[in-house]
Each structure stands twice: as C-alpha cells, then as structure tokens.
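In what follows, a single structure is set out as structure tokens and then discussed.
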Amino acid sequence: MELRHLHYFIAVAEELHFSRAAERLHIAQPPLSQQIRDLEVELGVQLFERTKRRVELTTPGKVFLEKSRLVLQQVDQAIIAVQKASRGEIGRLT
C-alpha cells in the first residue's frame, strides 16, 4: 500500500462519488475505481457500498477513513520534524 492509495480512498470517502473524487485528484475515474478495488482486495474488506445511484462507506470503510486520516497527519508531522531537524531547530547540540 502506498500513501497515494490513502489519498485516493479519503477523496472518494469525502466525496462519496468516484467521478467527483477523480476530478478533485486530477486523475481519470476508471483508474481511481481500479485503485480502490485493488485497495479493497489488499485489505480483504469492502470499503464502499456501491450502487448505480450512490456510494456509501461500509463500517470497515468508516474505520479505515479515521485511521487513514491519522496516518497522513503523522506523515505530515514527520516531514515537519525532519525539516526542523535539518535546519537545526530541534535536536541536541553536543
């Protein structure tokens, strides 16, 4: 699993619409749908209930949305911390 898969999943979960999520992500809708299907296969769970008229998160999808947001927040925090360390703003001087 790659971070982009989490970004894709979160976009679809927030939009509850594959075409709008694809537009938001600046990618085509068919590859986005395929990436979400691949993610579901990798996880072994169905993240979305899909009909021709609507898309809804399943219970596992709701849990994964919450945890995915946390993961991306932690990645952002790690990036900020490593940049501060690189500039000497954090860490120890000896």
Task: Atom pair CG/CD of Leu16 and Glu56 - distance to nearest 0.5 Å - done: 7.5 Å

Open item on the list: With rounding to the nearest 0.5 angstrom, report the CD to CZ distance, Glu42 to Arg37.
Closed with: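 CZ of Arg37 is found 15.0 Å from CD of Glu42.
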
Task: Between Ser33 and Gln29: side-chain donor-acceptor atoms closer than 3.5 Å - done: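 Checked: Ser33/Gln29 side chains pair up, N/O donor to acceptor below 3.5 Å.
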
Result block: side-chain N/O donor-acceptor pairs under 3.5 angstrom for residues 65-78, not counting sequence neighbours:
residue	atom	partner	partner atom	Å
Ser68	OG	Phe64	O	2.7
Arg69	NH2	Glu14	OE2	3.0

Please answer: with hydrophobic residues joined when any side-chain heavy atoms are less than 4.5 Å apart, are [X] and [Y] in the same cluster?
| X | Y | result |
| --- | --- | --- |
| Leu3 | Ile79 | yes |
| Ile90 | Val82 | no |
| Ile10 | Val63 | no |

Indicate yes or no: at least one non-hydrogen side-chain atom of [X] is less than 4.5 angstrom from one of [Y].
| X | Y | value |
| --- | --- | --- |
| Phe9 | Leu57 | yes |
| Leu25 | Arg4 | no |
| Met1 | Leu39 | yes |

Open item on the list: I need the minimum non-hydrogen distance between Val12 and Leu32, along with the two atoms involved.
Closed with: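 Taking every non-hydrogen atom into account, CG2-CD2, 3.8 Å.
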
Task: Minimal non-hydrogen separation, Arg20 against Glu15, with atom names - done: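 The pair with the smallest heavy-atom distance is NH2-O, 3.3 Å.
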
Task: Test: Glu89 and Lys84 ion pair at under 4.0 Å - done: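 Salt bridge flag = no for Lys84 with Glu89.
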
Open item on the list: I'd like to know if Glu40 pairs up with Arg50 as an ion pair, taking the criterion as any Lys NZ or Arg NE/NH1/NH2 lying under 4.0 Å from an Asp or Glu carboxylate oxygen.
Closed with: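 Between Arg50 and Glu40 there is a salt bridge, with a charged N closer than 4.0 Å to a carboxylate O.
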
TODO: Test ring-ring contact (aromatic ring centres under 6.0 Å, His included) on Phe18 and Tyr8 and set out the steps.
DONE: CA-CA 10 Å; Phe18 279 85; Tyr8 292 173; over 10 Å; no

Open item on the list: With a 6.0 Å cut-off (strictly less than), is the heavy-atom count around CD of Glu23, excluding the residue itself, greater than 12?
Closed with: no

Task: Check: Glu49 main-chain N/O paired with Thr58 side-chain donor or acceptor under 3.5 Å - done: no

Task: Listed partners of Gln83 passing side chain to side chain donor-acceptor pair (under 3.5 Å), at least two apart - done: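 Side chain to side chain donor-acceptor pair (under 3.5 Å) check on Gln83 returns nothing, list empty.
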
